[in-house]
Every structure is written in C-alpha cells, then in structure tokens.
Amino acid sequence: MPCLNCHCPSCLALADPSRAVPSTGFALLPPELMTENRAPTNSEIAYSQDVIRFAEKTVPLIQATIDDLEKRKAELSGLINTHKAAISPLRTFPPELLAEIFMAFVTMECPRTPTERCSPFMLMGICSRWRGIVLNTPRLWTRISGAPSMIDSWIIQSRELPLSLELDLDSYDSD
C-alpha cells in the first residue's frame, strides 16, 4: 500500500500516473509527410522506427500501470464499502425497532413467490444480529406459511403465542 507521504516510485505513480511511464520525448513527423503522398526520407524512416520501438515497449508499461491502478481502485472501493457498512445507522437501531420492521416484512407477500408470505427464515440469513432478533421475537413466527415440513420450526419459535396457518400443499412431498 503506498504511503503517499514519500517520493518512492509507487507513491509518485499513484499521485501522478504519468510518472510511472517514461515520457516519449519524440516530436511528431512533419505534417506534410502525413498529408502528402511522398516517400519518407531515410532519417524519417529511422526516426519512425525508433518511435515505434519505444511505443511498443511503453504500451505494456502503461497497461501494467492501468491494471495496478484498477486493482488499487477496487481495493479502495472495498475499503469504502466495508467502513460504510461498519458505521451504518442501521447498526444503531434498537432490537425492538428492528423486530417491528421484521413484523411488517413477514406480513408482506413474498416477491419471489407471491402466493407465500415473506418468511422469518429469510431474515435469519442476513447477519448474526438479525438472526438473534428473529429467534428472540416469537411474534414473527405466529403466521405459519410454506411447506408442511417447516411447521415444527414455526411452532417452536412462536412459543406460547397463537398461530395463524397458511399451508402450501403443492410443495408438500408425500413420500
């Protein structure tokens, strides 16, 4: 990782990418050579061959610099996302408020399968904090929806609260 406080090649290239690749120092050919249909002189041919050799050696250096900068950009983007997530206001929501939001979620129709309600199981897969809130909020488990094979889990999690039952018998495997 560059320190950005020194003058090492890595820092200079990051601060000014043009420093990572040598400048051409070559002048353009006379414009008339490009606009007129005359044969180039021997010195123009030699000069052009030098420019071509230089450019062919320099292009991979430029590509390597671009690749390095893209890699650094991806690393920094990841760092930004990680730190934004770490200080997200959602992390400061009290569990009781999240439980209320989760209650609204489980009463919605599920966008993946409109015939089913959204399940607390979906919320449990987000993060350990949400999993803990879902498992400690029996009200989330009072509307049983889905395959009959899941009934036991719903009953255990709803604890002593009354249940509402919606079964999807199409997904029931009788074997």
Side-chain angles (χ1 to χ4, degrees), residues 1-22 58-175:
M1 192 63 146
C3 62
L4 299 176
N5 292 326
C6 72
H7 298 291
C8 67
S10 181
C11 291
L12 290 175
L14 184 61
D16 181 6
S18 66
R19 290 185 180 215
V21 178
T58 305
V59 166
L61 293 173
I62 292 171
Q63 187 60 53
T65 301
I66 290 169
D67 293 346
D68 186 48
L69 290 173
E70 286 291 336
K71 181 181 172 188
R72 291 180 190 183
K73 176 184 170 189
E75 289 170 356
L76 289 173
S77 293
L79 192 64
I80 289 167
N81 291 338
T82 299
H83 283 268
K84 280 185 176 181
I87 61 172
S88 167
L90 187 58
R91 287 181 166 224
T92 64
F93 280 24
E96 300 80 15
L97 179 57
L98 284 174
E100 290 302 319
I101 294 169
F102 296 167
M103 280 300 299
F105 174 79
V106 298
T107 60
M108 296 172 27
E109 282 189 7
C110 187
R112 289 191 283 171
T113 50
T115 58
E116 293 181 23
R117 299 268 176 222
C118 291
S119 160
F121 290 108
M122 294 176 185
L123 297 168
M124 288 173 45
I126 304 297
C127 66
S128 60
R129 179 172 185 236
W130 284 25
R131 179 180 176 82
I133 293 169
V134 169
L135 291 173
N136 288 305
T137 308
R139 291 184 310 144
L140 294 172
W141 300 91
T142 59
R143 300 185 98 188
I144 299 174
S145 175
S149 62
M150 303 298 288
I151 290 177
D152 288 345
S153 297
W154 290 81
I155 292 172
I156 291 167
Q157 293 304 323
S158 66
R159 299 183 187 141
E160 301 295 321
L161 295 176
L163 300 173
S164 169
L165 184 63
E166 292 177 31
L167 295 178
D168 178 8
L169 297 177
D170 291 334
S171 67
Y172 179 68
D173 186 10
S174 60
D175 294 335

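The residues of the chain are indexed from 1 along the displayed sequence.
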- prompt: Can you list the steps and then say if Arg139 with Phe102 is a side-chain contact (heavy atoms from CB on, under 4.5 Å)?
  reply: CA-CA 10 Å; Arg139 291 184 310 144; Phe102 296 167; over 6 Å; no
query: So, does Thr92 use its side chain to make a donor-acceptor pair with the main chain of Pro89 at under 3.5 Å?
result: yes
- request: Please assess Trp141 against Val134 for the test side-chain contact (heavy atoms from CB on, under 4.5 Å), listing each intermediate value before the final yes or no.
  value: CA-CA 9 Å; Trp141 300 91; Val134 169; 3.5 Å; yes
query: Partners of Lys73 by side-chain contact (heavy atoms from CB on, under 4.5 Å), sequence neighbours excluded?
result: Glu70, Ser77
- prompt: What is the distance from atom CD of Glu100 to atom OG1 of Thr137, rounded to the nearest 0.5 Å?
  reply: 9.0 Å
- prompt: Could you state the interatomic distance from OG1 (Thr107) to CE (Met103), rounded to the nearest 0.5 Å?
  reply: 6.5 Å
Determine all donor-acceptor pairs shorter than 3.5 Å in which one atom belongs to a side chain in residues 123-133; sequence neighbours excluded.
unit_1 : atom_1 : unit_2 : atom_2 : d
Arg129 : NH1    : Arg91  : O      : 3.4
Arg129 : NH2    : Phe93  : O      : 2.4

message: According to side-chain contact (heavy atoms from CB on, under 4.5 Å), who are the partners of Pro94, at least two apart in sequence or on a separate chain?
response: Glu96, Leu97
- request: Would you please test Lys71 and Asp67 for salt bridge (charged side-chain N to carboxylate O under 4.0 Å, His left out) and show each step?
  value: CA-CA 6 Å; Lys71 181 181 172 188; Asp67 293 346; over 6 Å; no
message: Donor-acceptor pair, distance only, cut-off 3.5 Å: does the side chain of Ser88 make one with the backbone of Leu90?
response: yes
